[in-house]
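Here the structure is laid out as structure tokens; the discussion comes afterwards.
The structure displayed is predicted, hence computed values, not measured ones. The figures here come from the full heavy-atom set of this structure, side chains too, leaving out hydrogens, waters and symmetry mates.
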Amino acid sequence: MNSSNNIVSLDVGSTWVRAIVCERDKDGKLNILGVGIRPSTGLRKGVVVNIEATLRSIAAAIEDAELRSGLEVTDCWTGIGGNHINGINSRGVVGITGKKKDTREREIGQDDIERVIEAAQAVVIPTDKQILEVIPQNFKVDDQKGIRNPLDMIGVRLESEVHIITCTVTGAQNLIKCVNRAGFRVNELILQTLAAGRAALTQEEMDLGVVLIDLGGGTTDVLVYVEGTPFSTYTIPAGGTQVTGDISILKNISFENAEKIKIDAGCCWETMLDVDETVIVPGVGGRPPMSIPRTQILAIIKPRMEEIFKLVKQHLDTLTLPRPLGGGVVLTGGTAQLAGVVELANNVLKLPARLGCPIPVKGLGGLVEEYRDPSFATAIGLVLEGDRRSGLDPAERGSEIRQTDKKSVALIEKFRTWLKEEFF
């Protein structure tokens with residue numbers, strides 16, 4: 001049975017479903033015990049379009065991870081992404097009520113922080129959308145700006161800037177339904193790029209300002225960090241599947257064969273190829289296979305990848321950033337493994353780029369070489385983020401606490417106060 005000592009992550013992508021089962025040892029360290037990977041056939045551009053196909057992929061991936069780990073899974077931290085994700089920045093202002101009663105000192109308490117974050121959420125959101133994450137960026141106490149944590153400070157006016165991430169109601173509900181019907185419970189939906197950043201970015205990069213580009217199969221998801229916190233969330237409805245489709249159409253071969261050629265011989269940077277290098281293209285309709293130069297495959301792949309990075313640059317150009325993105329670009333996702341993709345990103349975006357492989361962190365064991373590639377960044381990040389969130393006291397979770405939980409927390413706190421007053 002799944003317990004508080006176990007953390008299970010579920011990364012449901014447009015092309016692959018990945019599940020990771022971790023167990024905490026007696027020293028408090030999480031160890032990866034089982035990993036399951038299965039093709040994803042029920043999603044298009046990150047959105048569920050076939051419930052039955054999606055739940056079968058989810059069930060198979062988790063069952064594989066269960067078998068390898070020897071643990072039974074009941075719940076999981078599930079990633080969500082796709083073309084229906086949006087991000088907006090908002091601001092809220094409240095007067096400080098003060099933690100101490102019957103005094104002129106207005107010391108900022110947790111209630112004040114929660115109130116100002118709630119005030120920042122007072123934005124018009126379409127009826128078909130719901131709030132997925134509310135991430136505080138910074139606070140301002142009276143005239144003092146750039147405060148990360150205003151708790152216990154003294155002031156009169158508290159202001160907060162937050163990044164609000166929304167998703168479609170149906171997109172979230174259908175994903176949860178798939179997981180539930182597969183026989184598991186969703187602890188919480190977590191933005192996939194947020195999880196990927198948790199695994200692949202360093203704190204220094206986030207502080208300097210960095211662009212995380214998750215090159216998936218159906219979509220390319222972009223998350224911009226400024227001064228340590230998310231600043232912009234953006235999705236481009238194109239990814240590795242479009243690259244495979246281009247090869248399939250232009251070379252008149254099946255999608256499966258095109259995918260194999262992309263993985264084995266794909267490249268998008270000329271200087272990485274020798275002029276004489278060739279690739280075998282399977283014949284169609286009984287015709288024999290033929291050998292063609294790899295430069296022909298490059299001529300198909302490069303324009304599509306260039307187009308994706310140009311769309312990312314167009315979005316970055318619309319942002320009013322307080323400082324240059326000193327942390328550069330970090331690429332995650334399966335498509336990031338294409339040869340030359342880092343060089344192309346560097347050339348188009350005019351920023352230093354690197355591959356975003358999961359970074360070994362203290363407290364996580366079992367991160368063997370097999371999982372240290374960009375395609376596992378989201379799944380590993382979901383483990384880390386799920387572990388962090390599961391360890392938070394509900395009363396301290398601030399913006400991460402859901403509206404439905406707040407009444408329960410308030411009742412618990414009242415009960416605790418009553419116990420202290422009556423018996424201690």
Side-chain angles (χ1 to χ4, degrees), residues 13-18 37-41 43-46 57 200 213-221 236-313 329-349 353-357 369-378:
S14 297
T15 50
W16 296 96
V17 176
R18 290 178 172 85
I37 309 171
R38 286 297 180 102
S40 177
T41 56
L43 276 80
R44 184 174 296 127
K45 299 191 184 303
S57 298
I213 304 177
D214 189 21
L215 294 161
T219 61
T220 296
D221 300 311
I236 296 165
T241 302
Q242 281 68 38
V243 174
T244 305
D246 292 345
I247 297 170
S248 174
I249 292 167
L250 292 171
K251 289 300 171 186
N252 295 315
I253 56 176
S254 69
F255 191 87
E256 291 73 20
N257 285 331
E259 178 71 12
K260 189 174 185 305
I261 288 172
K262 181 186 78 174
I263 293 169
D264 295 343
C267 182
C268 49
W269 196 246
E270 291 89 342
T271 57
M272 298 183 74
L273 291 183
D274 291 332
V275 179
D276 299 331
E277 285 187 86
T278 61
V279 59
I280 303 298
V281 176
V284 179
R287 290 190 291 273
M290 59 180 179
S291 176
I292 64 169
R294 275 186 73 187
T295 51
Q296 287 189 18
I297 303 301
L298 180 142
I300 297 170
I301 293 175
K302 185 180 177 182
R304 177 66 76 173
M305 294 305 300
E306 211 166 28
E307 177 191 19
I308 289 171
F309 288 132
K310 283 179 178 177
L311 289 171
V312 173
K313 189 173 190 309
V329 176
V330 176
L331 305 173
T332 62
T335 308
Q337 296 177 94
L338 265 175
V341 73
V342 171
E343 289 77 7
L344 184 63
N346 192 333
N347 181 260
V348 175
L349 298 172
R354 71 169 179 87
L355 276 185
C357 301
E369 200 63 37
E370 181 186 352
Y371 312 136
R372 290 180 188 167
D373 73 57
S375 65
F376 272 95
T378 298

Report task. Mind running side-chain contact (heavy atoms from CB on, under 4.5 Å) on Lys251 and Ile300 for me, showing each step along the way? Result -> CA-CA 10 Å; Lys251 289 300 171 186; Ile300 297 170; 4.0 Å; yes

Got a second to check how far [X]'s [atom1] is from [Y]'s [atom2], nearest 0.5 Å?
{"X": "Cys267", "Y": "Ile301", "atom1": "SG", "atom2": "CD1", "answer": "7.5 Å"}
{"X": "Leu215", "Y": "Thr332", "atom1": "CG", "atom2": "OG1", "answer": "7.0 Å"}
{"X": "Ile213", "Y": "Thr220", "atom1": "CD1", "atom2": "OG1", "answer": "8.0 Å"}
{"X": "Lys260", "Y": "Ser254", "atom1": "NZ", "atom2": "OG", "answer": "11.0 Å"}
{"X": "Asn257", "Y": "Ile247", "atom1": "CG", "atom2": "CD1", "answer": "11.0 Å"}
{"X": "Leu331", "Y": "Asn346", "atom1": "CG", "atom2": "CG", "answer": "10.0 Å"}

List the atom of [X], the atom of [Y], and the distance in Å for their closest heavy-atom pair.
{"X": "Ile261", "Y": "Pro282", "answer": "CD1-CD, 4.1 Å"}
{"X": "Gly46", "Y": "Thr219", "answer": "N-CG2, 4.4 Å"}
{"X": "Pro374", "Y": "Leu355", "answer": "CG-CD2, 3.9 Å"}
{"X": "Lys45", "Y": "Gly218", "answer": "CG-O, 3.9 Å"}
{"X": "Ala377", "Y": "Gly356", "answer": "CB-O, 3.8 Å"}

Query raised in the report: Mind checking what makes ring-ring contact (aromatic ring centres under 6.0 Å, His included) contact with Phe309, not counting sequence neighbours?
Result: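 None.
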
Would you say [X]'s side chain and [Y]'s backbone share a donor-acceptor pair under 3.5 angstrom?
{"X": "Ser248", "Y": "Ile253", "result": "yes"}
{"X": "Ser57", "Y": "Pro39", "result": "yes"}
{"X": "Ser40", "Y": "Gly13", "result": "yes"}
{"X": "Ser291", "Y": "Ile280", "result": "no"}
{"X": "Arg18", "Y": "Phe376", "result": "no"}
{"X": "Ser14", "Y": "Leu43", "result": "no"}
{"X": "Asp274", "Y": "Asp276", "result": "no"}
{"X": "Lys262", "Y": "Thr244", "result": "no"}

Query - Intermediate values then yes/no, side-chain contact (heavy atoms from CB on, under 4.5 Å), Met272 and Leu298 - result: CA-CA 10 Å; Met272 298 183 74; Leu298 180 142; over 6 Å; no

Query - Flag side-chain contact, heavy atom, 4.5 Å: Val342 against Val329 - result: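 Of all side-chain heavy-atom pairs linking Val329 with Val342, none is under 4.5 Å.
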
Report task. Verify side-chain contact (heavy atoms from CB on, under 4.5 Å) between Asp264 and Val279, making sure each step is shown before the conclusion. Result -> CA-CA 9 Å; Asp264 295 343; Val279 59; over 6 Å; no

**Report entry** side-chain contact (heavy atoms from CB on, under 4.5 Å) assessment of Thr335 paired with Met305
**Finding:** CA-CA 10 Å; Thr335 308; Met305 294 305 300; 4.0 Å; yes

Query raised in the report: How would you list, by chain and number, every residue that makes a side chain to side chain contact (heavy atoms under 4.5 Å, CB included) with Ala299, sequence neighbours excluded?
Result: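 Listed in chain order: nothing, the list is empty.
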
Query raised in the report: In terms of heavy-atom contacts, does CZ of Arg44 have more than 12 from other residues, nucleotides or ligands at under 6.0 Å?
Result: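 For Arg44, atom CZ is not crowded (no more than 12 foreign heavy atoms under 6.0 Å).
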
Query raised in the report: With sequence neighbours left out, which residue pairs that include part of residues 297-308 fulfil the side chain to side chain donor-acceptor pair (under 3.5 Å) condition?
Result: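 Sorted result for residues 297-308: Asp246-Arg304, Glu270-Lys302, Arg304-Glu307.
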
